[in-house]
Amino acid sequence: MIELREATGGYRAKAVVNQVSLRFVPGAINVVVGPNGCGKSTLLRMAAGLLPPMSGELLLDDQPFSAIGRKGLARRMAYLPQSRNIPDITAKKLVLHGRFPHLGYPRRYREEDMAIAEGALSRMGIAHLAEKPMDTLSGGERQKVYIAMMLAQDGDVLFLDEPTTYLDIGHQIEMMDILSSLQDAGKTLVVVLHDLNLALRYASRIFVMQAGRLLYEGDPEALFASGLIESVFGVKTGRVDTQTAGIHFYFS
Amino acid sequence: MNSLRTSSILRKLHSPHVLPAAGVLLLLAAIAANLCFGAVALSPARLIADLSGTGDGSALQIIRHVRFPRTVATLLAGSALAVSGMVIQSVLGNPLASPGIIGVNSGAGFMATLACAVFPGQMALVSPAAFVGALLAVLLVYGIGRITGASRMTIILAGVAISSILSAGIDMVVTLVPDALMGSAMFRIGGVAGVTLSSVFPQGGVMLAAMAAVFFLRSEIDILTLGGETAQSLGLPVGFYRFLLLGLSALLAGSAVSFAGLIGFVGLLVPHIARRIVGTQSKELVPCCMLLGAAFLTLCDLLARTLFSPFEIPVGLVLSLLGGPFFLWLLICQKGRGSA
């Protein structure tokens with residue numbers, strides 16, 4: 001379980017996240033939302049151990065991050081950045097790199113790493129793309145390769161920074177369904193989302209940030225009822241029960 | 001259609017033995033040609049006669065004192081600069097970076113010239129000075145990239161600026177202290193005429209060790225090319241390895257500059273060609289860069305010595321004449337990919 005205690009963090013002595021304390025719920029889809037520039041990506045990077053906090057504590061199963069170490073953290077949690085350069089390698093080689101934190105010294109991939117990488121590709125249903133170079137894949141396929149890489153990394157906690165950005169609506173829903181299936185498989189997910197409708201529909205726990213502070217934490221239904229979305233995002237909200245495709249939220 | 005055919009030929013070449021064998025053959029041919037041709041062409045028959053003691057021994061003398069040291073120098077400098085360029089491109093995540101462009105060469109040249117001007121006659125100082133200059137330049141560019149948020153274009157522009165400042169520094173030192181030995185045109189254009197084994201020897205060992213270290217760190221290089229954040233989330237101490245690898249590439253480029261002068265373009269040209277042939281995985285890329293870099297510079301030196309024989313031109317000139325157009329072609333091909 002990941003816990004932040006009064007964590008403050010940012011870049012070059014400028015705090016973007018201010019004294020946030022929270023616990024992400026194990027085995028749940030934890031979704032972080034908030035207006036642009038509220039510090040949700042910074043919060044995610046800090047919680048994933050990529051950005052050391054300026055003050056406060058970060059804990060994984062009650063152990064401070066610093067005591068676990070970078071390699072230890074990488075074996076237990078994986079992070080998917082929002083924007084990435086497209087590496088000039090095949091999908092399988094990329095997924096294989098997910099095994100990096102598990103390698104001894106010198107770092108050479110073993111047969112078992114190869115098998116795990118292939119397993120991760122099949123689990124994402126993209127075994128047929130294994131030998132394709134990354135730059136020939138579509139955005140949706142690429143995203144699946146990156147998720148397979150996180151699965152090969154074999155941690156219990158997966159951090160994803162806006163995994164649906166740059167995807168069309170079909171692939172957005174497919175991505176969220178993938179995250180649901182990962183939750184069913186016992187993974188803890190921490191996801192920053194831009195799309196409030198997807199956030200409210202898929203989150204099991206939702207965190208609202210504004211101006212670097214944590215404003216709300218609770219389940220999505222309660223958030224919707226609280227009227228907080230109106231004040232934070234400056235929009236009117238509504239909901240429809242579509243009978244065929246579940247409950248949808250709309251904003252105007 | 002044409003490109004399809006090329007790629008299938010390349011795939012055929014990918015079978016495990018053909019490609020390395022072709023590379024080694026190319027290298028051996030370059031070495032043999034470099035030993036045989038020059039101001040005086042030495043036929044294999046004359047060589048064999050000398051070796052068996054029936055000749056006048058002149059062919060052996062030329063090879064031992066002139067062509068062998070030169071060949072060793074071009075082999076070492078070519079492979080070192082190519083590997084240095086490959087590492088810089090991978091670590092900075094920038095295909096247009098190279099020791100010549102981001103100021104590593106001119107940094108090495110400036111410190112080497114300064115050392116010669118301040119401590120005349122202390123040739124032992126030149127090599128460490130070149131290394132320090134190369135390292136300072138690469139760290140300066142890297143630091144500027146970090147402060148400004150490391151857009152790829154910023155790094156290149158910063159490198160170009162630093163490069164021209166340091167070149168001006170070299171010119172200034174040479175103007176004020178005309179006796180600075182390294183201020184010769186040969187050094188600034190880059191050349192290996194007059195190289196002796198003793199001037200190549202100590203750096204040669206350092207270069208081989210540095211190239212071995214780069215090859216040893218091949219998995220880390222591959223992880224770094226995935227991008228800083230991804231590398232970090234895979235548990236790699238990104239800052240440490242960037243520093244270590246940039247240090248190694250500065251060591252390689254600085255050592256090469258200390259005896260071969262400011263040779264440009266090998267570090268840009270060869271990694272790009274190598275990537276087209278073997279792909280981007282360091283396991284194949286590092287050896288390929290070494291082979292091609294060594295063979296390419298050796299062949300350029302052969303051209304430099306024979307093109308206007310009996311006069312010879314600095315090898316750096318040949319390189320720039322070949323490398324310049326290639327760089328332009330690269331820029332034209334990059335257009336439209338929009339990866340600024």
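Side-chain atoms are counted along with the backbone in the values below, which use heavy atoms only and exclude waters and symmetry mates. Chain naming here is simple, since letters A, B, ... match the order of the sequence lines and numbering starts at 1 in each.
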(request) Answer whether the closest heavy-atom distance between the side chains of B:Val206 and B:Ser255 falls below 4.5 Å. (result) yes
(request) Determine, using ring centers only, whether A:Phe207 and A:Phe24 are less than 6.0 Å apart. (result) yes
(request) Apply side chain to side chain contact (heavy atoms under 4.5 Å, CB included) to the pair B:Leu217 and B:Val87, showing each step before the final yes or no. (result) CA-CA 11 Å; B:Leu217 294 172; B:Val87 171; over 6 Å; no
(request) With a 4.5 Å heavy-atom cut-off (strictly below), which parts of residues 72-81 of chain A touch chain B? List them by number. (result) A:Ala74, A:Met77, A:Tyr79, A:Pro81
(request) Identify the residue among A:His171, A:Met175, A:Glu174, A:Gln143 that makes a side chain to side chain contact (heavy atoms under 4.5 Å, CB included) with A:Thr164. (result) A:Met175
(message) A quick test of your reading: do over 12 heavy atoms of other residues, nucleotides or ligands sit less than 6.0 Å from NZ of B:Lys283?
(response) no
(message) Quick check on A:Arg110: does its CZ atom have over 12 non-hydrogen neighbours (other residues, nucleotides or ligands) under 6.0 Å away?
(response) yes
(request) Using a 4.5 Å cut-off on heavy atoms from C-beta on, say whether the side chain of B:Val83 contacts that of B:Met290. (result) yes
(request) Against chain A, work out which of B:Gly228, B:Pro237, B:Gly227 has the most heavy-atom pairs shorter than 4.5 Å and name it. (result) B:Pro237
(request) Against chain B, label A:Phe159 side chain, backbone, both or neither, depending on which of its atoms sit under 4.5 Å from a heavy atom there. (result) neither
(message) Taking atom CE as the centre, does A:Met114 end up with more than 12 heavy-atom neighbours from other residues, nucleotides or ligands that are less than 6.0 angstrom away?
(response) no
(request) Give, as side chain, backbone, both or neither, the part of A:Ile86 having an atom under 4.5 angstrom from any heavy atom of chain B. (result) neither
(request) Spell out, as yes or no, whether a donor-acceptor pair under 3.5 Å connects the side chain of A:Gln153 to the backbone of B:Ser233. (result) yes
(request) Name the option with the most non-hydrogen atom pairs under 4.5 Å to chain B; the candidates are A:Lys93, A:His97, A:Lys71. (result) A:His97
(message) Quick check: under 4.5 Å, non-hydrogen atoms only, which of residues 117-136 of chain A neighbour chain B?
(response) none
(message) Contact between B:Leu236 and B:Tyr241 at the side-chain level, heavy atoms closer than 4.5 Å - yes or no?
(response) yes
(message) Counting only non-hydrogen atoms closer than 4.5 Å, can you tell me which residues of residues 46-70 of chain A sit against chain B?
(response) A:Leu50, A:Arg70
(request) With the side chain counted from C-beta on, respond yes when B:Leu26 and B:Leu291 share a heavy-atom pair under 4.5 Å apart, and no when they do not. (result) no
(request) Please state whether the side chain, the backbone, both or neither of A:Met150 comes within less than 4.5 Å of a heavy atom of chain B. (result) neither
(message) If I compare all heavy atoms of B:Ala256 with all of B:Leu81, which pair ends up nearest, and what's the gap?
(response) CB-CG, 3.8 Å
(message) Against A:Leu160, only a single residue in A:Leu44, A:Val31, A:Ile147 fulfils side chain to side chain contact (heavy atoms under 4.5 Å, CB included); can you say which?
(response) A:Ile147
(message) For residues 204-228 of chain B, which residue pairs pass the side chain to side chain donor-acceptor pair (under 3.5 Å) check, not counting sequence neighbours?
(response) A:Arg107-B:Glu220, A:Arg108-B:Ser219, B:Asp222-B:Ser282
(request) In sequence, state the C-alpha distance, the side-chain angles, and the governing distance for A:Arg45 and B:Glu229, and then conclude on salt bridge (charged side-chain N to carboxylate O under 4.0 Å, His left out). (result) CA-CA 9 Å; A:Arg45 298 185 72 238; B:Glu229 280 203 318; 2.3 Å; yes
